[in-house]
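Values below: every heavy atom of this structure, side chains too, minus hydrogens, waters and symmetry copies. Numbered from 1 within each chain, the chains take letters A, B, ... in sequence-line order.
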2 protein chains.
Amino acid sequence: MRGAGAPAGDKRRPELSMDRASVATITRLSSYYRVLVESERDRQQTISSKVLAERSGVSSAQVRKDLSIFGNFGRRGLGYNALQLREQVGHILGLGRHWRVALVGAGNLGRALFAYKGFRKQGFHVEHVFDVDPAKTDELWGDVRIRPVSELRAAAAGNRIDIVILAVPADAGQKVANMVVDAGVRAILNFTPGQLAVPAAVAVRYVDLSIAIESLSYTLTK
Amino acid sequence: MRGAGAPAGDKRRPELSMDRASVATITRLSSYYRVLVESERDRQQTISSKVLAERSGVSSAQVRKDLSIFGNFGRRGLGYNALQLREQVGHILGLGRHWRVALVGAGNLGRALFAYKGFRKQGFHVEHVFDVDPAKTDELWGDVRIRPVSELRAAAAGNRIDIVILAVPADAGQKVANMVVDAGVRAILNFTPGQLAVPAAVAVRYVDLSIAIESLSYTLTK
DNA sequence: AGATGTGAAAGTTTTCACAGCC
DNA sequence: GGCTGTGAAAACTTTCACATCT
């Protein structure tokens, strides 16, 4: 998970950059961001770590620690400027950019993800849809034409795809992941069950529907 | 998160039961389970923590620690009996039972979850579909008729629903969650963005599509 | 007074490393 | 020799509590 091109043997150095943020912190920042967007209805100038914490379901100390990794955004005695903080957190998360997303897998799940409004709203634009089944080719989803996955490589040439969403059947997962990696894409959001083997330079996040529900059945069984 | 009905003030006691398992451990057990099912193709009698670890993307010590919480399943020098271990892990997770699941939200995402084969295969049967939009009422999905969410309470009477999958629009999330809680359901798998406020006796697991992709944009931005 | 930012403490999770059994 | 099960160590994360600033 070390960043590519970093000088070796620097494990001990305090680090000028801001790699101290764990995945857990980033996940919480996303929650804070959502709360901040929702809170804009309140028309409050400022928001305290306490309020932000309650609405996100964490402790106020946690909020302050998370934010302090990236800067001193608050003002003692006052709290955080709500609008500014929303912008700052959005900036940290890389929102407010246009992310070019390709979806592989045009089944039920793929269709749902394609239609999901939350993505576009935050700058994630699904501009390509591919499927492993040639029978789906040329079907139109809005103004996007479904193409065979063999065309992924050409579409991604020149870094024209930032993120691939994988929503193919389980047995195709690794094969398609290999194609994605070969095409030079550096980020995968994987809905296909199972661990993907990819080079360290490629970031993968997993959303596993079965694991989520199994955790519930464990809790109910106890 | 404390179990309902537990005597108060027992925080310090070592606990005879097996509550030592964190959500992280349970999540990994699900991965192990999947790997074990896949590995049955190999027709190997035994499997070592090393192999199981490689295929699940964790360390072998982690596998052994996770399993040792629940029992001594392995044999020193040999490894684990693959078939038995699959059954044991399945048992821990509460699989191999018939779980009665209701889906609330018959949009694109709801449809995809309804069709998702991974659920049924592991004993999660979506037997009811509800929607907040009355226009959807009476539509048929397979042999399941979509009903207005007002009928949820009656359907859940007498503990006839184990788990509710929430896939409604963001602004309906808390309202429907309240209805679910009132109906006596004790587990929610929530696909709706945002934190739900529910009593501690109700288990909630979150699957947040936006948070998953934002974590990628953070990593790409760094 | 009110609320942040942050070292230090507490708690949790993971890894190490090896005794003990096959 | 191979591999588990597990205390102990290390690493990581969260909470505490308070100096610091408005």
Side-chain angles (χ1 to χ4, degrees), chain A residues 1-2 10-15 18-32 36 39 44-82 84-85 88-89 92 215, chain B residues 1-2 10-15 18-32 36 39 44-82 84-85 88-89 92 215:
Chain A
M1 270 286 170
R2 220 105 241 293
D10 60 351
K11 192 107 186 272
R12 195 135 299 272
R13 201 85 54 70
E15 286 280 352
M18 44 205 194
D19 255 21
R20 277 170 295 168
S22 63
V23 173
T25 292
I26 300 307
T27 301
R28 285 190 300 266
L29 285 183
S30 287
S31 301
Y32 305 157
L36 289 166
S39 300
Q44 292 290 320
Q45 286 280 316
T46 63
I47 190 166
S48 67
S49 60
K50 185 153 172 290
V51 169
L52 195 39
E54 277 161 9
R55 299 189 184 171
S56 315
V58 302
S59 74
S60 66
Q62 185 76 82
V63 169
R64 294 197 299 277
K65 257 271 147 76
D66 285 338
L67 294 175
S68 74
I69 293 175
F70 297 96
N72 295 4
F73 301 132
R75 296 224 289 152
R76 295 174 190 226
L78 292 177
Y80 302 88
N81 178 306
Q84 269 178 29
L85 188 62
Q88 279 154 333
V89 174
I92 293 164
S215 165
Chain B
M1 270 289 170
R2 219 104 242 291
D10 60 352
K11 191 107 190 267
R12 193 135 302 271
R13 202 86 50 71
E15 285 280 353
M18 43 205 198
D19 256 23
R20 278 171 295 168
S22 63
V23 173
T25 292
I26 300 307
T27 300
R28 285 189 300 264
L29 285 183
S30 286
S31 301
Y32 305 158
L36 289 165
S39 300
Q44 292 290 319
Q45 287 280 318
T46 62
I47 190 165
S48 67
S49 61
K50 185 153 173 288
V51 170
L52 194 39
E54 277 161 8
R55 298 188 186 172
S56 314
V58 302
S59 75
S60 65
Q62 184 77 82
V63 169
R64 296 197 298 278
K65 258 272 148 75
D66 285 339
L67 294 174
S68 74
I69 293 175
F70 296 96
N72 295 3
F73 301 132
R75 296 224 288 152
R76 294 172 192 230
L78 291 178
Y80 302 87
N81 178 306
Q84 270 178 27
L85 188 62
Q88 280 153 331
V89 174
I92 293 164
S215 164

Dump the pairs, protein N or O against N or O of nucleotides 16-19 of chain D, anything under 3.5 Å, distances to one decimal.
unit_1: D/dA17; atom_1: N6; unit_2: A/Arg64; atom_2: NH2; d: 3.3

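- Atom CD in B/Gln88 sits about 10 Å away from atom P in D/dG5, given to the nearest Å.
- Considering only side-chain N and O atoms, A/Tyr80 lies under 4.0 angstrom from the phosphate OP1 or OP2 of C/dG5.
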Inset, instruction - Applying side-chain contact (heavy atoms from CB on, under 4.5 Å), run through B/Ser48 and B/Val51 and close with a yes or a no. - result: CA-CA 5 Å; B/Ser48 67; B/Val51 170; 3.5 Å; yes
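- Legend: salt bridge (Lys or Arg N to Asp or Glu O under 4.0 Å) pairs involving residues 44-64 of chain A, not counting sequence neighbours, sorted by first then second residue: A/Asp42-A/Arg55, A/Lys50-A/Glu54.
- Contact annotation: A/Ser59 side-chain N/O to D/dT14 OP1/OP2 distance is not under 4.0 Å.
- Each of B/Gly77 and A/Asp66 has a nearest nucleotide on DNA chain D; the 5'-most of these lies closest to B/Gly77.
- Checking B/Thr46 against B/Asn81 by side-chain atom types alone, no donor-acceptor pair falls below 3.5 Å.
- The CG-C1' distance, from A/Asn81 to C/dA3, rounds to 15 Å in whole Å.
- In this structure the side chain of A/Asn72 never reaches within 4.5 angstrom of the side chain of A/Leu67, judged on heavy atoms.
- Atoms OG and CD1, from A/Ser31 and A/Ile26 in turn, are 11.5 Å apart once rounded to the nearest 0.5 Å.
- When side chains are defined from C-beta on, B/Ser22 counts as touching B/Thr25, because their heavy atoms get closer than 4.5 Å.
- In this structure, the nucleotide among D/dT22, C/dT13, D/dT4 sitting nearest to the side chain of B/Ser49 is D/dT4.
- For the pair A/Gln62 and D/dT15, the criterion of a side-chain N or O lying under 4.0 Å from OP1 or OP2 is met.
- In this structure, the CZ atom of A/Phe70 is 15 Å from the C1' atom of C/dG5, given to the nearest Å.
- The CG-P distance, from A/Asn72 to D/dT22, rounds to 12 Å in whole Å.
- How far CZ of B/Arg75 is from CD of B/Gln84: 9.0 Å, rounded to the nearest 0.5 Å.
- Atom pair A/Ile26:CD1 and D/dT13:P shows a separation of 12 Å (rounding to whole Å applied).
- Residue A/Tyr32 is tested with A/Ile92, A/Leu85, A/Val63 for a side chain to side chain contact (heavy atoms under 4.5 Å, CB included); the sole match is A/Val63.
- Residues B/Val89 and B/Phe70 are not in side-chain contact: their nearest non-hydrogen atoms beyond the backbone lie 4.5 Å or more apart.
- The distance between atom CG of B/Leu78 and atom C1' of D/dC3, rounded to the nearest whole Å, is 8 Å.
- Taking for each of A/Ser68 and A/Gly79 the nucleotide of DNA chain C with the nearest heavy atom, the 5'-most of the two is the partner of A/Gly79.
- Here C/dT14 presents its C1' atom at 15 Å from CG of B/Leu67, a figure rounded to the nearest Å.
- Of the listed nucleotides (C/dA3, D/dT15, D/dT22), C/dA3 has the atom at the smallest distance from the side chain of A/Ser48.
- Whole-Å rounding puts the B/Ile47 CD1 to D/dG2 P distance at 18 Å.
- An angle of 0°, rounded to 10°, separates the two end axes of the helix from C/dA1-D/dT22 to C/dC22-D/dG1, each defined over five pairs.
- Rounding to the nearest 0.5 Å gives a distance of 10.0 Å between CG of A/Leu36 and CD of A/Gln88.
- Within the nucleic acid shown, A/Ser22 comes within 4.0 Å of sugar-phosphate atoms alone, with no base atom in reach, counting heavy atoms only.
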